[in-house]
Amino acid sequence: MRAPGHHRRVVVVALSSLITVLLLLGWFLADIGDVVPGPLTVHNVQSRALSAAPAVRSSIGLVRAADLSATVSAKAVASAISTFGSASGLGDDYSVAVSQADGTIVGGHDADVARQPASTLKILTALAAASRLDMGSTLDTTTYLDSGESRSGTPTVILKGNGDMLLSSGDNDPEHINGRAGLRSLASLTAKALRSRGVTTVRLAVDDTLFGSVRSPAHVGENNDGGLYFTPISSLAVDGGRQWASGKAPTNPDVFDDYPTLSTTTASGAASVFVARLKEQGIKVEGQISSATAGSGLTSLATVHSATLTEIMAFMLRHSDNTLAEEFGRLLALKMRTGNSPTGAVTAVERVLRSLKIPLTGLTMADCSGLSPGSRVTVRTLVAVQEMNLGAHGVAAAAEGLSVSGLMGTAKDRFGDSGVNGLLRVKTGSLSDVTSMAGTVSTKSGGVLAFAVVVNNPKDYESARAAIDSLGVALAGL
């Protein structure tokens, strides 16, 4: 005989199973329709294809496989440094250090004298940031809907930046770092979300609060003639604030050599572009753009994603982008809670470098980019940073972003010897009274070296720069 209630339990189990099946079916259909997040979709998926190589270089012949344990002749290194030191136009205010992959200094000149480094200082910021930040993460730009009461009764869309200063004004571009996230794409997604809620008229506010009130190192303007080399960091910007003259914008947004004037109102400029894109989508935008803070509890409408921090760091190093270097310092400061300011950024970089056992005797960082006057560093410190990039203890993002001789970045047209194409990965530095370089070398005999050279107050700038190139060629030939 069946127990009392057995029939009822059977019915309950059956109904529960049916409800579960219906819920799963509903989630399946919602996922396909992109109503809820998930792996399924019926829409076209944007895929990233590898672009063709921008240039083809002739073969230089095979070099031996790199051997991190290989030693190099100290006598040969001393000869290369001596030749460098005798170059006309160099002057006496210079330092050189060359180390093997294990960190052993095998040659140098005034290695412990702190000198102004120019943009080679960026390798300190890069190593520190890459050691602590999630380099696979992105800097997302998001829109929120604030339906709270306003004087006009019109809901407000808040455009919140999270540090992407390489937005494009157009569609998302999976092929490039600069412009990976596009304001037209964000506007399209936002307009769709608004219309689904029956909203066709909004006001716009921008949340540019991420980096606080102090956006620039104190004296960076002294080396920023014409506003060509730095603009205050912000939570969002289009193309880093570059204002290209008509017809001068590069075809490839990741590759360019010119320095157009930079906007000093990058966040509001990006917001203005976004307003125009919303209007193109049929959304009416009332009034002027205002400032706001996107607090908790707001409805998220849409998000676009930047390139990864690893890719952005490569862009920063290869273009020697001062603004992005300062931003990496600030992101590190926020991570380490050393203060949301240029001083906090420097503190964070130095703290991480100490934890990595980088020698910092004589170091003074006026900023995180090397553009401000007043920074001082020894080549011993610079070469120690580059030595970190050679071993398994190195940080990939800080090494992979370096310019490559004959191929990419500021080193693409340096050295003047096709025989060293691809053998040097370097960061260059240039100010009116400084020319410098720090990097790693794969020697033709199979060894690997790290080196750094800083020249201050050269008697002839171009001659000193050429001498640095000749030193790099000599080291590659060992």
Side-chain angles (χ1 to χ4, degrees), residues 95 97 99 103 111-133 135 217 220 223 230 233 309-310 312-314 316-333 335-336 338 342-391 393-403 410 425-431 434 436-440 450-454 456:
S95 296
S99 79
D112 294 309
V113 176
R115 290 190 162 91
Q116 188 173 5
S119 284
T120 52
L121 191 73
K122 290 182 176 71
I123 66 173
L124 277 66
T125 300
L127 177 62
S131 298
R132 292 293 184 271
L133 299 177
M135 298 304 288
V220 71
N223 285 327
F230 175 80
I233 62 174
L309 291 187
T310 291
I312 296 172
M313 181 169 284
M316 180 273 286
L317 288 169
R318 289 170 185 163
H319 286 287
S320 203
D321 191 305
N322 298 295
T323 301
L324 291 180
E326 296 301 330
E327 182 176 359
F328 271 110
R330 191 67 69 88
L331 291 172
L332 182 63
K335 171 78 173 181
M336 300 186 65
T338 55
T343 301
V346 166
T347 298
V349 170
E350 293 180 349
R351 185 174 296 178
V352 173
L353 294 177
R354 286 192 185 92
S355 73
L356 296 174
K357 310 300 182 185
I358 300 295
L360 300 183
T361 301
L363 177 65
T364 299
M365 293 183 67
D367 59 20
C368 290
S369 63
L371 182 61
S372 300
S375 290
R376 295 291 185 272
V377 67
T378 68
V379 288
R380 188 179 297 276
T381 295
L382 293 174
V383 83
V385 169
Q386 293 295 50
E387 184 269 327
M388 287 284 291
N389 291 330
L390 290 174
H393 53 286
V395 179
E400 292 174 358
L402 294 170
S403 298
T410 57
R425 303 181 71 93
V426 303
K427 180 71 198 76
T428 60
S430 300
L431 289 172
V434 182
S436 59
M437 183 180 290
T440 60
F451 76 101
V453 53
V454 176
N456 287 178

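Keep in mind that the numbers below use all heavy atoms, side chains included, and drop hydrogens, waters and symmetry copies.
- For the side-chain contact (heavy atoms from CB on, under 4.5 Å) with Arg115, the qualifying choice from Val377, Val379, Thr378, Val454 is Val454, the only one to do so.
- Here the CG atom belonging to Asp321 is positioned 10.0 Å from the CZ atom belonging to Phe328, to the nearest 0.5 angstrom.
- Ile358 is listed as a side-chain neighbour of Val385, based on a closest heavy-atom distance under 4.5 Å.
- Considering only heavy atoms from C-beta on, Gln386 comes within 4.5 Å of Leu402 through its side chain.
- Put simply, the side chain of Val349 reaches to within 4.5 Å of the side chain of Cys368, judged on heavy atoms.
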Give the C-alpha distance, both sets of side-chain angles, the deciding distance and a yes or no for side chain to side chain contact (heavy atoms under 4.5 Å, CB included) between Asp112 and Thr361.
CA-CA 8 Å; Asp112 294 309; Thr361 301; over 6 Å; no

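- Remark: the backbone N or O of Glu400 is paired with a side-chain donor or acceptor of Arg425 at under 3.5 angstrom.
- In this structure the side chain of Leu324 never reaches within 4.5 angstrom of the side chain of Met313, judged on heavy atoms.
- We find the CZ-CG distance between Arg132 and Leu127 to be 9.5 Å, quoted to the nearest 0.5 Å.
- Side-chain N or O atoms of Thr120 include none that pairs as donor or acceptor with a backbone N or O of Ala438 at under 3.5 Å.
- Here the OG-NZ distance, from Ser436 to Lys427, works out to 7.5 Å after rounding to the nearest 0.5 Å.
- Of the inter-residue distances, the one linking Ser119 atom OG with His319 atom NE2 reads 13.5 Å to the nearest 0.5 angstrom.
- Contact of the Leu356 side chain with the Ser131 side chain is registered, since non-hydrogen atoms from C-beta on lie closer than 4.5 Å.
- With rounding to the nearest 0.5 Å, the separation of CE in Met388 from CD1 in Ile123 is 11.5 Å.
- Considering only heavy atoms from C-beta on, Leu124 comes within 4.5 Å of Leu382 through its side chain.
- Looking at Leu431 and Leu371, their side chains come closer than 4.5 Å, going by heavy atoms from C-beta outward.
- Asp367 contributes no side-chain N or O that, together with a main-chain N or O of Pro217, makes up a donor-acceptor pair within less than 3.5 Å.
- Remark: side-chain polar atoms of Thr310 are paired, donor with acceptor, to backbone N or O of Met135 under 3.5 angstrom.
- Within the 4.5 Å cutoff, side-chain heavy atoms of Lys335 are placed close to those of Leu133.
- Between the CZ atom of Arg330 and the OG1 atom of Thr125 there is a distance of 12.5 Å, given to the nearest 0.5 Å.
- The closest donor-acceptor contact from the side chain of Asn322 to the backbone of Phe230 lies at 3.5 Å or more, if one exists at all.
- For the residue pair Lys122/Ser320, the side-chain donor-acceptor check at 3.5 Å is satisfied.
- Ser375 and Thr364 form no side-chain donor-acceptor contact under 3.5 Å, judged by distance and modelled atom types alone.
- Under the 3.5 Å distance criterion, the side-chain polar atoms of Glu326 are left unmatched by any main-chain donor or acceptor of Pro342.
- For Ser403 and Arg318, the side-chain atoms include no donor-acceptor pair closer than 3.5 Å.
- In terms of heavy atoms, Gly370 sits closest to Leu121 at N-CD2, 3.6 Å.
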